[in-house]
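Note that these values count all heavy atoms, side chains included, but never hydrogens, waters or copies made by symmetry. Nothing here was measured: the structure is a model prediction, and the numbers come from that model.
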Amino acid sequence: MQISRNACLAILSVFVFAIMFTNSSPFGRDEALYAQSIHEMTLNFTWAPHYLGKVVAWKPVLTFYMYAPVSGMLSNLHLPIPVEHLYRIPSMILGALSIFVMYYLALELTKNDSLAWISTLIYASTAVFVLSALLVLTDAPANFFILLSLYFYIRASSDRRFFYLAGAFAAIVFLSKTMLAFMPVLLAVAYYFRKDKSALLSKEFAVSVFFIVLAAGINILFFYLDSGNYGAGLTLKSYYYDFFLRTKIYTPAYFNFPEAGLVFNFLIAIALFLPWLPFLALGLRTLNLGKPTDLLLLAWLLLFILPLTGSYLQPWYFQPIVPAFSMLVAKGLAGREYKFDQLTSLLVAILVLIGILFSVQVLGSSAKGWDADQKTLGQFLDDKENILIISEYSPQTVFYKFIGSTSQDYSALSYLWVGKHTNLSNEELISTVYNFTHATGAELADMFFSGARRIKSVYVPARPFKWLAIQENISQSTVGY
């Protein structure tokens, strides 16, 4: 009996979901930040995301709206699963569903079923996809809807009314991760530049772009409903930051080691695209830039430059280019005739197995180190008050303290987060402990936009502090956790 195409895709999606589900590593830094905001929305619905009770506009609203109901429902079921899964499962579901979209997008672009299947297998067995699809970040929904948007942009070559759907999904991307919404639009421009330039001047295409602008206004409205003019102002500031400052701030030069940062990012990219990377050159050789699909794939792959120069060692920034990478590698393995002989099929099967095993290894290695230490510390502090923590940026401690606590008194914990490799003097340590001054809600909301190297909690602490945690090697003293 022949298994249907969608059944095969479902089996692959469930398999990838199962791989992600086996991972129970502690939250990373930004993961813990978003998980805390999601947790607060499950406890008390707000129009905009909050962090420790204060409105923040670091990201748009959609991810929090999507994840909070699912996380709240799973929490109420009291399932015997790690607490991290309560927040990661929505990302895992979107990652698994993206395998379906990847296949149909590849099929639409290449018009070749075998090439679409191989592209999808490469996509699903690339470590950067498996790792990124697991995490509680805005990247998971953004990448899913980018694929959907681009799929309908390509479908519009046969019926321009599909531009409306493409624009709607691009708007959803904006409500997930702002500027990434323009990625499917730019790729569509590359495609129709060769396919049909008149499509780019059509009313339908213009409306699809307008949907993104409309999404920007809707996001401002939600923050206005939450906090009035203050919330709307925070949103406008986040837009300015995302579109004009992010590249400048998040280049390796910002961390004072431009050459080393670029090398580290490059090495991480090489590792996360193994074992497929060596075959990319074969795919590039097959390109004919006179063809719409090939021009689109090259433009898509060139976006690799952005995370390479500005991801500051955050591998999920490479996720948006994985589909293009997968299709180009598949083209290279198939050759210009798009044929897979038995030897090539065996090679693909072996590489898929290696890719899956490598992905499992990458996920397993993330369960140790700094994140595990912060989880242990947070759990130790969950029933304690009058706490001061002096450390690097560590929202994991905040999350794990409050997630297991019946009290959500955020004034129970004060913190000073300092930049990496900061060497506080003994006098600065003593002054922080005995003369701690809290920040304001505006300073908390501004902490990413300003590039601040010292970030403080926003509540007036009870005195004296009963518990003190100072990160080892953060000062001239020899104290530690």
Side-chain angles (χ1 to χ4, degrees), residues 5-6 9-10 13 60-63 65-67 90-91 93-111 113 116 119-120 123 133 138-222 292-293 295-297 299-300 303 319-324 326-327:
R5 173 189 300 170
N6 287 335
L9 288 170
S13 298
V61 298
L62 183 66
T63 300
Y65 285 179
M66 291 175 62
Y67 283 44
S91 291
I93 293 172
L94 289 172
L97 290 176
S98 75
I99 291 173
F100 279 84
V101 188
M102 173 64 198
Y103 169 80
Y104 283 105
L105 174 60
L107 184 62
E108 189 68 28
L109 283 170
T110 65
K111 308 300 182 183
D113 186 65
S119 299
T120 306
Y123 174 80
T138 57
D139 300 76
N143 289 315
F144 175 72
F145 291 113
I146 284 171
L147 290 177
L148 273 175
S149 177
L150 186 57
Y151 171 75
F152 285 109
Y153 269 121
I154 304 305
R155 285 290 306 275
S157 62
S158 59
D159 185 344
R160 289 185 179 177
R161 288 176 295 180
F162 280 118
F163 277 136
Y164 298 138
L165 273 175
F169 284 119
I172 294 174
V173 176
F174 189 95
L175 291 172
S176 304
K177 200 163 183 175
T178 57
M179 64 180 180
L180 281 184
F182 292 98
M183 180 177 164
V185 176
L186 293 175
L187 294 177
V189 169
Y191 181 80
Y192 285 102
F193 182 79
R194 284 283 184 261
K195 182 78 173 179
D196 178 11
K197 292 185 180 68
S198 66
L200 300 176
L201 302 175
S202 67
K203 174 193 69 176
E204 293 85 355
F205 185 80
V207 170
S208 76
V209 178
F210 174 74
F211 283 163
I212 300 176
V213 179
L214 184 62
I218 291 172
N219 191 52
I220 292 173
L221 174 62
F222 285 136
T293 294
L295 183 61
L296 180 150
L297 290 177
W300 198 344
L303 295 177
Q319 166 64 8
I321 58 102
V322 175
S326 302
M327 283 184 269

Could you pull out the closest heavy-atom pair between [X] and [Y], with the gap in Å?
X      : Y      : answer
Leu296 : Ala190 : CA-CB, 4.3 Å
Leu147 : Pro323 : CD2-CG, 3.6 Å
Asn143 : Pro320 : OD1-CG, 3.3 Å
Ser202 : Ala199 : OG-O, 2.7 Å
Pro60  : Ser176 : CD-O, 3.6 Å
Asn219 : Val61  : OD1-N, 3.3 Å

From [atom1] ([X]) to [atom2] ([Y]), nearest 0.5 Å:
X      : Y      : atom1 : atom2 : result
Phe145 : Leu94  : CZ    : CG    : 6.0 Å
Ile154 : Leu105 : CD1   : CG    : 7.0 Å
Ile212 : Ser149 : CD1   : OG    : 7.0 Å
Leu62  : Ile172 : CG    : CD1   : 7.0 Å
Leu97  : Leu9   : CG    : CG    : 11.0 Å

For Ser326, side-chain contact (heavy atoms from CB on, under 4.5 Å) partners two or more places apart: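 Scan of Ser326 (side-chain contact (heavy atoms from CB on, under 4.5 Å), adjacent residues dropped) gives Met102, Ile122, Tyr123, Val322.
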Listed by chain and number, what are the side-chain contact (heavy atoms from CB on, under 4.5 Å) partners of Leu221, not counting sequence neighbours?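 With neighbours one apart ignored, the set is Leu225.
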Could you list all the salt bridge (Lys or Arg N to Asp or Glu O under 4.0 Å) pairs where at least one residue sits in residues 138-147, not counting sequence neighbours?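 Residue pairs with at least one partner in residues 138-147: Asp139-Lys177.
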For the residue pair Phe169 and Phe152, categorise the inter-ring angle as parallel (less than 30°), tilted (30 to 60°) or perpendicular (more than 60°).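 Plane angle under 30°, so parallel.
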Side-chain donor/acceptor of [X] to backbone N/O of [Y], under 3.5 Å:
X      : Y      : result
Ser98  : Gly95  : yes
Ser13  : Ala96  : yes
Lys111 : Glu108 : yes
Thr63  : Thr138 : no
Trp300 : Met183 : no

Check whether NZ of the Lys or CZ of the Arg Lys195 lies under 6.0 Å from the centre of the six-membered ring of Phe193 and within 45 degrees of that ring's axis.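 Verdict for Phe193: no cation-pi partner in Lys195.
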Could you check Tyr164, Phe163, Tyr192 and say which one makes a side chain to side chain contact (heavy atoms under 4.5 Å, CB included) with Phe205?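 Among the candidates, only Phe163 passes.
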Considering only heavy atoms from C-beta outward, does the side chain of Arg5 approach that of Asp113 to under 4.5 Å?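 They are in side-chain contact.
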Are side-chain heavy atoms of Tyr67 and Ser91 found at a separation under 4.5 Å?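 Yes, close enough: below the 4.5 Å cut-off.
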Check whether more than 12 heavy atoms from other residues, nucleotides or ligands sit under 6.0 Å from atom NZ of Lys203, and answer yes or no.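 No, NZ of Lys203 has 12 or fewer neighbouring heavy atoms, counting only those of other groups under 6.0 Å.
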Tyr104 and Asn6: side-chain donor and acceptor closer than 3.5 Å?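 Looking only at side-chain atoms, Asn6 and Tyr104 do form a donor-acceptor pair, the distance falling under 3.5 Å.
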Side-chain donor-acceptor contact under 3.5 Å, Asp196 with Tyr191: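 Distance-only check fails for Asp196 and Tyr191.
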Step by step, work out the side-chain contact (heavy atoms from CB on, under 4.5 Å) result for Tyr153 and Val185. CA-CA 8 Å; Tyr153 269 121; Val185 176; 3.4 Å; yes
